[in-house]
Number of protein chains: 2
Amino acid sequence: MSTAPSQTSAASEAWLLMSRLFQANRGHFFAACSEVDLSPPQVIALRSLRPDDPMPMSELAGLMHCDNSNVTGIVDRLEDRRLVVRQAGTRDRRVKYLLVTKEGIAVRARLEELLGHAPEPLLSLSPAEQRQLAALLRKAVGESV
Amino acid sequence: MSTAPSQTSAASEAWLLMSRLFQANRGHFFAACSEVDLSPPQVIALRSLRPDDPMPMSELAGLMHCDNSNVTGIVDRLEDRRLVVRQAGTRDRRVKYLLVTKEGIAVRARLEELLGHAPEPLLSLSPAEQRQLAALLRKAVGESV
DNA sequence: ACCAATGGTTGAAGTTGGCAACGATCGCCT
DNA sequence: AGGCGATCGTTGCCAACTTCAACCATTGGT
């Protein structure tokens with residue numbers, strides 16, 4: 001009351017708490033990686049690929065914030081595992097589109113099962129609080145991301 | 001409205017939105033890493049070390065969910081940069097405690113300046129909504145993490 | 001038909017990551 | 001006191017990740 005909170009302090013606190021939530025959840029992520037026997041970058045790549053929407057290699061590189069040549073190696077190994085297929089574009093034959101195979105879709109589903117549900121701390125909130133939280137985040141993040 | 005939301009759907013939606021927020025913010029993280037000229041694991045390690053609380057190598061390995069031998073290499077490079085110092089324990093001479101040097105503290109401060117504030121979507125909420133969000137997260141995460 | 005620009009690959013060098021083996025140290029046990 | 005299993009950090013090995021520069025194929029404009 002005596003210390004007027006700066007305009008950003010509540011948002012910063014929320015951000016810090018979310019960061020802690022993620023940090024605490026990283027163990028689950030690594031466990032999921034070894035469960036499907038893929039490295040973390042391979043899992044991130046596979047989860048980024050929508051089965052119904054072929055993606056150029058360079059777009060994946062952008063999503064993963066890394067070099068094109070890096071994606072080449074990661075996709076090589078995903079292709080060795082038959083989870084992904086490269087398909088040369090028709091309009092522009094330089095770009096190669098990434099398709100998720102049937103096996104890839106299955107692994108994606110398994111990963112979503114392992115990683116898609118909320119971590120325990122969020123589930124400890126009452127249903128009303130959960131809805132309130134989701135509504136706030138929806139308003140903040142919305143379509144912007 | 002016709003489909004009654006399952007008990008966990010609101011929490012899952014909140015989790016998904018938080019994940020998107022993190023994904024969208026990863027660019028800032030990499031930018032901060034190159035700004036201080038450290039690799040992502042080095043930044044994670046340095047941020048994990050409280051300057052006032054020396055930490056054993058193995059504890060850092062636990063925090064980072066990786067092998068002890070991995071931390072050896074990361075700390076080697078941090079020590080080359082004079083950001084961290086190893087100090088053998090007195091009670092148990094097997095463990096080596098990690099101390100943050102003055103330069104390390106400065107880099108940590110710079111990183112906190114770059115990464116500590118909330119990302120733009122959270123700031124778009126009104127102050128009241130920010131407080132509401134922080135309160136919900138505080139209740140969920142609390143001391144558990 | 002040239003020519004700069006783009007998408008993806010290759011090669012080199014350094015970092016990360018896990019695993020097995022090792023040396024040093026500790027705690028316990030007799 | 002001495003011995004012995006367990007623990008902490010390091011080293012060596014190898015696979016994967018990451019960036020950078022160089023390269024090839026292809027594109028679009030001139």
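Letters A, B, ... are given to chains in the order of the sequence lines, protein chains preceding strands, and every chain is numbered from 1. Worth saying up front: this structure is predicted, and the values here are computed from it rather than measured.
In this structure a side-chain-to-backbone donor-acceptor pair under 3.5 Å is present from B/Arg77 to B/Gly73. Judged purely by atom type and a 3.5 angstrom limit, A/Gln130 uses its side chain to pair as donor or acceptor with the backbone of A/Leu125. Between the side chain of B/Glu129 and the backbone N or O of A/Leu136, no donor-acceptor pair lies under 3.5 Å.
Separating the OH atom of B/Tyr97 from the P atom of D/dC8 is a distance of 10 Å, rounded to the nearest angstrom. If you measure from atom CD1 of A/Ile44 to atom C1' of D/dC17, you get 11 Å, rounded to the nearest angstrom. Rounded to an integer number of Å, the gap from A/Asp76 CG to D/dT18 P is 14 Å. Atom CG in A/Leu46 sits about 13 Å away from atom P in D/dC17, given to the nearest Å. In this structure, A/Asn68 atom CG and C/dA5 atom P are separated by 17 Å, rounded to whole Å. The CG-P distance, from A/Asp37 to D/dA16, rounds to 10 Å in whole Å. Here D/dC24 presents its C1' atom at 11 Å from NZ of A/Lys96, a figure rounded to the nearest Å. The nearest whole Å value for the distance from the CG atom in B/Leu38 to the P atom in D/dT18 is 17 Å.
The shortest distance between the side-chain N/O atoms of A/Ser58 and the OP1/OP2 oxygens of C/dT6 is not below 4.0 Å.
Under the 4.5 Å side-chain heavy-atom criterion for grouping Ile, Leu, Val, Met, Phe, Trp and Tyr, A/Val85 is not connected to A/Val43 through any hydrophobic cluster.
A/Thr72 comes within 4.0 angstrom of a nucleotide base, judged by non-hydrogen atoms across all strands.
Partner of B/Leu46 under the side chain to side chain contact (heavy atoms under 4.5 Å, CB included) criterion, chosen from B/Val75, B/Leu83, B/Val36: B/Leu83.
Considering only residues two or more places apart in sequence or on other chains, A/Glu112 meets the salt bridge (charged side-chain N to carboxylate O under 4.0 Å, His left out) condition with A/Arg47.
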**OP:** Could you encode protein contacts along nucleotides 16-28 of chain C as a string, one character per nucleotide from 5' to 3', using B for base contact, S for sugar-phosphate-only contact and - for no contact, with a heavy-atom cut-off of under 4.0 Å?
**Re:** BBBB----BBS--
